[in-house]
Number of protein chains: 2
Amino acid sequence: MKIGELSKATGTNIETIRYYERIGLLPAPARTDANYRSYGPDHRSRLSFVRHSRELGFTIEEIRSLLDLSDHPDRDCGEADRIASTHLEQVEAKIAQLSALRDELTRIVGRCRGGAAADCRVIEALGDHGQCGGAH
Amino acid sequence: MKIGELSKATGTNIETIRYYERIGLLPAPARTDANYRSYGPDHRSRLSFVRHSRELGFTIEEIRSLLDLSDHPDRDCGEADRIASTHLEQVEAKIAQLSALRDELTRIVGRCRGGAAADCRVIEALGDHGQCGGAH
DNA sequence: CTTGACCCTGTAGTTGCTACAGGATGCATA
DNA sequence: TATGCATCCTGTAGCAACTACAGGGTCAAG
């Protein structure tokens, strides 16, 4: 399949596919006589793996490690679990951080009575950290 | 105060302060004979405003608008409230997205029995989108 | 008078893409 | 046969919001 077809099949931007090849995340495929990239099913599943991992928020480097493991089925699986667990912890930390932030913002917005900016509670709150709940 | 003092006073990296000046978020301060930047209390509070807003996740462009409002106390405050409300919505959306992601990751990790990568459930799940809850 | 901490400018790197510019190819239609 | 038009190619530059040098100047203490 050509790059446009792979793009549609996996929901990945064409430029992104070429980018993944450039950084060595996807192997360079064979070329047609016209120098067009020609992909097979292996490329497709590898790209799906990458996209799915990206959707789950793994970084490119993490995905590189995960792909490496998947390319060496004899290796120990613990590393994959470790990467995923660490990532899960980071996601949980991020959720906690954003929740604190949401509480903060909720406190700030909605206090506007529509007056002049001079009396604006929103702007006042942004300038004065002392009004915060201490979450950050 | 010199840039290093401002840096410590606001918890902002020196390079970041110079960056903010370069992009026009902070006004260029006066210079000493030795060409050192010399800041006053106004710079300090403006930088605090910027840092606090950044901690709350506002983009540089949003902060530019908020600063603009704060520089023109006669303007209507509604714009500030609108920016903050929109941002709050985005934060809430992000939390929802990350929560779905956390559920997904929770399902994936911890299924590893420590065997070979060939049988790894983590890697398997990443390759097979069909195992997902459909959240993404 | 030298050592070390600080400051300066300017440029390049980071992450994960995305968007061209400028050109070649493939296929269908007039 | 000509001519569109979609698709492909390479290479480079841009995005956000910093961060990290390189290569130099300044200043206060010992």
Side-chain angles (χ1 to χ4, degrees), chain A residues 1-26 28-39 43 46-67 83 86-87 90-91 94 97 101 136, chain B residues 1-26 28-39 43 46-67 83 86-87 90-91 94 97 101 136:
Chain A
M1 67 201 318
K2 284 189 287 181
I3 198 168
E5 298 167 280
L6 182 63
S7 165
K8 265 163 202 151
T10 61
T12 313
N13 201 319
I14 288 180
E15 326 264 40
T16 305
I17 297 174
R18 286 198 281 248
Y19 167 70
Y20 286 160
E21 178 183 330
R22 204 161 58 241
I23 64 171
L25 211 55
L26 294 183
R31 297 289 183 127
T32 68
D33 290 349
N35 199 32
Y36 285 12
R37 286 173 178 83
S38 179
Y39 297 98
H43 288 101
R46 195 177 180 91
L47 179 53
S48 295
F49 185 102
V50 170
R51 288 313 298 169
H52 192 196
S53 302
R54 283 295 299 135
E55 276 167 16
L56 290 172
F58 289 96
T59 66
I60 298 283
E61 287 316 304
E62 285 167 337
I63 295 170
R64 225 185 269 280
S65 302
L66 291 168
L67 280 171
I83 292 172
T86 302
H87 182 54
Q90 284 165 7
V91 169
K94 188 79 192 171
Q97 190 209 329
L101 208 145
H136 53 267
Chain B
M1 69 201 319
K2 284 190 286 181
I3 198 169
E5 297 168 278
L6 182 63
S7 166
K8 263 163 203 150
T10 61
T12 312
N13 200 318
I14 288 180
E15 325 264 42
T16 304
I17 297 174
R18 286 197 281 247
Y19 167 70
Y20 286 160
E21 179 183 331
R22 205 162 57 241
I23 64 172
L25 211 56
L26 295 183
R31 297 290 183 126
T32 67
D33 290 349
N35 200 32
Y36 286 11
R37 286 172 179 81
S38 179
Y39 297 97
H43 288 101
R46 195 177 181 91
L47 179 54
S48 295
F49 185 102
V50 170
R51 288 313 298 170
H52 191 195
S53 303
R54 284 294 299 133
E55 276 167 16
L56 290 172
F58 289 97
T59 67
I60 298 283
E61 286 316 304
E62 285 167 337
I63 296 170
R64 227 185 267 281
S65 302
L66 291 168
L67 280 172
I83 292 172
T86 303
H87 182 55
Q90 285 165 6
V91 169
K94 188 81 192 169
Q97 191 209 329
L101 210 144
H136 54 265

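Both backbone and side-chain heavy atoms feed into the values below; hydrogens, waters and symmetry mates do not. Small disclaimer: the values here were computed from a predicted structure and weren't measured.
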(request) Using only side-chain N and O atoms of A:Asn13, determine if any of them is under 4.0 Å from OP1 or OP2 of C:dT18. (result) yes

(message) Taking the basic N atoms (NZ, or NE/NH1/NH2) and the acidic carboxylate oxygens, is any pair closer than 4.0 Å for A:Arg64 and A:Glu61?
(response) yes

(request) Can you tell me the distance, in whole Å, between the CG atom of A:Asp33 and the P atom of C:dA24? (result) 18 Å

(request) Could you tell me whether a side-chain N or O of A:Ser7 sits under 3.5 Å from a main-chain N or O of A:Thr12, the two making a donor and an acceptor? (result) yes

(request) Indicate yes or no: does B:Arg18 engage B:Glu15 in a salt bridge with an N to O separation below 4.0 Å. (result) yes

(request) Evaluate the side-chain proximity of B:Tyr36 to B:Arg31: yes if any heavy-atom separation is below 4.5 Å, no if none is. (result) no

(message) For A:Lys2 and B:Ala34, find the nucleotide of DNA chain C closest to each by heavy atoms; which residue's nucleotide sits nearer the 5' end?
(response) B:Ala34

(request) Please list, chain by chain and in numerical order, all residues satisfying side chain to side chain contact (heavy atoms under 4.5 Å, CB included) with A:Ser48, sequence neighbours excluded. (result) A:Thr10

(message) Would you say B:Arg37 places a side-chain N or O within less than 4.0 Å of OP1 or OP2 belonging to C:dC7?
(response) no

(request) Would you kindly say whether B:Tyr20 and B:Arg51 are connected by a side-chain donor-acceptor distance under 3.5 Å? (result) yes

(request) Write down the distance between CZ (A:Arg31) and P (C:dA24), rounded to a whole number of angstrom. (result) 16 Å

(message) Nearest whole Å is fine: how far is C:dT14 C1' from A:Ile60 CD1?
(response) 13 Å

(message) Closest-nucleotide mapping onto DNA chain D: is B:Tyr20 or A:Glu5 further toward the 5' terminus? I mean the 5' end.
(response) A:Glu5

(message) How many whole angstroms separate atom OH of A:Tyr36 from atom P of C:dG23?
(response) 16 Å

(request) Would you classify A:Arg54 as touching base, sugar-phosphate or nothing, given that sugar-phosphate means primed atoms plus P, OP1 and OP2, and contacts are heavy atoms under 4.0 Å? (result) sugar-phosphate

(message) Is it the case that the side chain of A:His52 and the backbone of A:Leu47 share a donor-acceptor pair, with hydrogens and angles ignored and the cut-off at 3.5 Å?
(response) no

(request) Would you kindly give the OH-to-P distance between A:Tyr19 and C:dT14, to the nearest whole Å? (result) 10 Å

(request) Assign B:Arg51 to base, sugar-phosphate, or nothing according to its heavy-atom contacts below 4.0 angstrom with the strands shown. (result) sugar-phosphate

(message) Counting the atoms with a prime plus P, OP1 and OP2 as sugar-phosphate, which does B:Ile3 contact under 4.0 Å by heavy atoms, base, sugar-phosphate, or nothing?
(response) sugar-phosphate

(request) Report the residue (B:Gly4 or B:Arg22) whose heavy-atom-nearest nucleotide on DNA chain C is the more 5′ of the two. (result) B:Gly4

(request) Calculate the interatomic distance between A:Glu21 atom CD and C:dT18 atom C1'; express it in whole Å. (result) 17 Å

(message) With heavy atoms of chain B within less than 4.0 Å as the criterion, where does contact along DNA chain D begin and end?
(response) D:dA17 to D:dC27

(message) Just N and O in the side chain of A:Thr16: are any of them under 4.0 Å from OP1 or OP2 of C:dT18?
(response) yes

(request) Using a heavy-atom cut-off of under 4.0 Å over every strand shown, decide if A:Ile14 touches base, sugar-phosphate, or nothing. (result) sugar-phosphate

